[in-house]
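Single-structure report; data block below.
Computation of the quantities below employed the complete heavy-atom set of this structure, encompassing side-chain atoms and omitting hydrogens, waters and symmetry-equivalent molecules. We count ligands from 1, going down the list as the structure has it; atoms in each ligand are counted the same way.
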Amino acid sequence: MDHKQRKILITGGAGFIGSHLVRLMVNKYPHYHIYNLDKLTYAGNLENLTDVESLPNYTFIKGDITDTAFITELFASHQFDGVIHLAAESHVDRSIANPTAFVETNVLGTVVLLNAAKNCWKSFDDKLFYHVSTDEVYGSLGETGFFVEDTPYDPRSPYSAAKASSDHFVRAYHHTYGFPMVISNCSNNYGAYQFPEKLIPLFINNIKNEKPLPVYGDGKYTRDWLWVVDHARAIDMVYHNGKHGETYNVGGKNEWKNMDLIHLLCDVADEELGREVGSSRSLITFVKDRPGHDRRYAIDATKLETEIGWKASITFKEGLRDTIKWYLSNEEWLTNVTSGAYKEYYQNQYQS
Ligand code: NAD
Ligand code: TYD
């Protein structure tokens with residue numbers, strides 16, 4: 001356990017992964033002060049953090065990472081010891097509809113933060129900029145093989161291209177200025193508080209409301225799913241024990257073809273809803289494929305496991321049932337996040 005007092009800035013802490021990370025850090029390190037900087041876009045929601053908002057070592061700051069003057073002033077006035085950067089536009093479908101927003105937040109916003117930290121930190125001793133990234137930067141796999149840390153970058157969607165670009169900037173600052181950084185590239189996360197536009201929460205919500213389940217293309221696309229709390233645990237461990245300048249892949253060796261996962265989701269949700277098991281499968285509707293859809297992602301997390309000692313803590317079946325129960329019993333959260341500014345997009349996109 002690290003007993004030093006530290007001020008850590010977490011960006012995007014009101015989002016899905018960020019809120020789990022904030023919760024973990026605030027509770028586990030009462031001697032740290034955790035600052036959560038978030039713009040509160042459609043994906044950011046302070047309801048994700050009601051259980052920690054009154055803790056004395058937690059402060060929320062509303063702000064935009066692309067606002068250079070604001071970010072520079074924030075670093076000057078707070079003198080953070082570390083940054084864990086998660087703020088991003090994160091949904092591939094939105095990146096296809098509007099790539100520019102992804103360049104602005106994911107690329108420009110990252111560079112604004114890098115400059116603010118580099119210029120504020122008089123010495124890099126005991127400082128760290130942790131950039132949270134995705135396995136999607138590596139592109140798409142065939143039937144076999146895994147992404148390792150030195151798999152060449154081959155981003156194929158505007159989302160992954162913007163994340164890849166931001167990763168390159170973070171590494172470039174290390175090589176050029178000796179800037180203290182680590183990067184982790186994680187596979188698809190699932191769990192509570194994920195905005196219901198991504199596959200798992202969208203489908204649980206639609207099953208509950210007996211709406212169509214829009215399966216892109218042939219449904220044989222493969223993703224490697226990790227429980228979000230295990231990702232947050234990995235970030236904590238890499239923040240404290242990772243080697244500066246290094247990259248760590250994060251994943252739970254848990255590949256699922258979309259159709260197999262969707263069948264499981266339907267059946268477990270049917271059980272939890274007291275419906276005849278299998279009945280929700282009738283909601284499955286094949287729709288037009290996502291343009292440029294990556295076929296398969298799969299992570300080899302050996303480096304993280306052997307050098308850092310991380311291991312996934314629960315099985316997928318436990319995590320998925322827990323997640324389904326969470327969405328089914330948090331109706332108010334679902335209603336709140338799918339109303340207001342997001343509602344129109346949500347309806348256009350997903351109503352049949
Ligand atoms: P999310 O969309 O749920 O949350 C993103 C957060 O960033 C939101 O709270 C949003 O308000 C905030 N934000 C967006 N633009 C901002 C800006 N300009 N200034 C300040 N805040 C801003 O995303 P997530 O799924 O929690 O992902 C978090 C990070 O992890 C992202 O960098 C993403 O690329 C990465 N990642 C996600 C996954 C996944 O499966 N979700 C997997 C690997 C890596
Ligand atoms: P998603 O949750 O958007 O994550 P990512 O694209 O970052 O992997 O999608 C996961 C998989 O599910 C991906 O292969 C696309 C597919 N998908 C559908 O078939 N239908 C949907 O409505 C969504 C959102 C995704």
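- Remark: ligand 2 and Tyr216 share an N or O pair separated by less than 3.5 Å (distance only, no angle test).
- Taking every non-hydrogen atom of Pro214 and a distance limit under 4.0 Å, the qualifying atoms of ligand 2 come out as 18 (C), 19 (O), 20 (N), 21 (C), 22 (O).
- Ligand 1 has no N or O atom lying under 3.5 Å from any N or O atom of Ser133, backbone or side chain.
- In the vicinity of Thr105, heavy-atom distances shorter than 4.0 Å reach the ligand 1 atoms 15 (N), 16 (C), 18 (N).
- Counting heavy-atom neighbours within 6.0 Å of Glu271 CD, excluding the residue itself, gives a total above 12.
- Of the protein's heavy atoms, Leu86 O, 3.5 Å lies nearest to atom 28 (C) of ligand 1.
- Atoms of ligand 2 found under 4.0 Å from any heavy atom of His91, numbered from 1 in the order shown, are 3 (O).
- Taking a 4.0 Å cut-off on heavy atoms, Phe203 registers as neighbouring ligand 2.
- Between the side chains of Asn106 and Ser166, no donor-acceptor pair of N or O atoms lies under 3.5 Å.
- Residue Tyr297 has no nitrogen or oxygen atom sitting less than 3.5 Å from a nitrogen or oxygen atom of ligand 2, judged on distance alone.
- Distances between N or O atoms of Lys39 and those of ligand 1 include at least one value under 3.5 Å.
- Other residues, nucleotides and ligands place more than 12 heavy atoms under 6.0 Å from the CD atom of Gln79.
- Relative ring orientation between His33 and Tyr35 is described as tilted, the plane-to-plane angle lying within the 30° to 60° band.
- Numbered from 1 in the order shown, with element, the atoms of ligand 2 that lie under 4.0 Å from a heavy atom of Glu136 read 5 (P), 7 (O), 8 (O).
- The protein heavy atom nearest to atom 25 (O) of ligand 1 is Phe16 CD2, 3.7 Å.
- Remark: ligand 1 and Asn189 share an N or O pair separated by less than 3.5 Å (distance only, no angle test).
- Lys253 has no carboxylate O lying under 4.0 Å from a charged side-chain N of Asp224, or vice versa, which leaves the two without a salt bridge.
- Ligand 1 has no N or O atom lying under 3.5 Å from any N or O atom of Asn188, backbone or side chain.
- The protein non-hydrogen atom at the shortest distance from atom 19 (N) of ligand 1 is Ile65 N, 3.0 Å.
- Using modelled atom types, no side-chain atom of Ser19 and backbone atom of Gly13 make a donor-acceptor pair closer than 3.5 Å.
- Using a 3.5 Å distance cut-off with no hydrogens or angles, the side chains of Tyr173 and Asn115 do pair a donor with an acceptor.
- For atom 36 (N) of ligand 1, the nearest protein heavy atom (residue, atom name, distance) is Ile17 CD1, 3.9 Å.
- Taking only non-hydrogen atoms, the option from Ala101, Ala88, Ala14, Ala43 nearest to atom 5 (C) of ligand 1 is Ala88.
- Ligand 2 places these atoms under 4.0 Å from at least one heavy atom of Val215: 19 (O).
- Proximity of Ile200 to ligand 2, defined as any heavy-atom pair under 4.0 Å, is not found for any part of the residue.
- Near Val92, meaning under 4.0 Å from any of its heavy atoms, are these atoms of ligand 2: 6 (O), 7 (O).
- Proximity of Lys163 to ligand 1, defined as any heavy-atom pair under 4.0 Å, is confined to the side chain (atoms from C-beta onward).
- Using a non-hydrogen distance threshold of 4.0 Å, Gly63 registers as a contact of ligand 1.
- For His91 and Tyr159, the ring centers are positioned 6.0 Å apart or more.
- Each of the following atoms of ligand 1 lies closer than 4.0 Å to a heavy atom of Leu40: 11 (O).
- Atoms of ligand 2 found under 4.0 Å from any heavy atom of His293 (numbered from 1 in listed order, with element): 13 (C), 14 (O), 15 (C).
- Nearest-heavy-atom check against atom 9 (O) of ligand 2 across Met259, Arg290, Lys198 picks out Arg290.
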Discussion item. Test side-chain hydrogen bond (donor to acceptor under 3.5 Å, both in side chains) on Thr110 and His85; report intermediate values, then the result.
Written reply: CA-CA 8 Å; Thr110 300; His85 174 38; 2.9 Å; yes

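- Between Trp225 and ligand 2, no N or O atom pair is found at a separation short of 3.5 Å.
- The distance from ligand 2 to the heavy atoms of Glu197 drops below 4.0 Å at these ligand atoms: 24 (C).
- Ligand 1 does not have Tyr42 within reach: every non-hydrogen atom of the residue lies 4.0 Å or more from it.
- By the 3.5 Å distance cut-off applied to N or O atoms, Leu37 is not counted among the residues near ligand 1.
- At a 3.5 angstrom cut-off on N or O pairs, His231 does not count as close to ligand 1.
- Contact atoms of ligand 1 toward Gly44: 8 (C), 9 (O), 11 (O) (distance under 4.0 Å to a heavy atom of the residue).
- Side-chain contact of Asn189 with Asp230: a donor-acceptor pair under 3.5 Å is absent, judged by distance alone.
- The aromatic rings of Trp121 and Phe124 stand perpendicular to each other, their planes meeting at an angle above 60°, with 30° marking the opposite boundary.
- Counting heavy atoms under 4.0 Å from ligand 1, residue Tyr159 touches it through the side chain alone.
- Nearest protein neighbour of atom 18 (N) of ligand 1, counting heavy atoms only, is Asp64 OD1, 2.9 Å.
- By the 30° and 60° cut-offs, the orientation of the rings of Trp333 relative to Tyr193 is perpendicular.
- At least one side-chain heavy atom of Leu261 sits under 4.5 Å from a side-chain heavy atom of Trp225.
- Within ligand 1, the atoms closer than 4.0 Å to a non-hydrogen atom of Val132 are 30 (O), 32 (O), numbered from 1 in the order shown.
- Nearest residue to atom 10 (C) of ligand 1 from Val228, Asn185, Thr41, Thr11 is Thr41 (criterion: closest heavy atom).
- Heavy-atom separations between Ser187 and ligand 1 include at least one value shorter than 4.0 Å.
- Ring geometry for Tyr239 versus Tyr130: interplanar angle under 30°, hence parallel rather than tilted (30 to 60°).
- Put simply, the side chain of Asp294 never gets that close to the backbone of Arg296: no donor and acceptor are under 3.5 Å apart.
- Ring geometry for Phe316 versus Trp256: interplanar angle of 30 to 60°, hence tilted.
- If you check the side chains of Arg290 and Ser157, you find no donor sitting under 3.5 Å from an acceptor.
- Per-residue contacts place Leu202 under 4.0 angstrom from the following atoms of ligand 2 (heavy atoms of the residue considered): 22 (O).
- Here the shortest heavy-atom distance to atom 13 (N) of ligand 1, taken over Cys186, Gly18, Ala87, belongs to Ala87.
- Classified by interplanar angle (parallel below 30°, tilted 30° to 60°, perpendicular above 60°), the ring pair His31/Tyr29 is perpendicular.
- By the 6.0 Å and 45° rule, Lys303 stacks over the aromatic ring of Tyr248.
- Proximity to Ser90 (heavy-atom distance under 4.0 Å) selects the following atoms of ligand 1: 1 (P), 2 (O), 23 (O).
- Below 3.5 Å of separation, one finds no N or O of Tyr221 facing any N or O of ligand 2.
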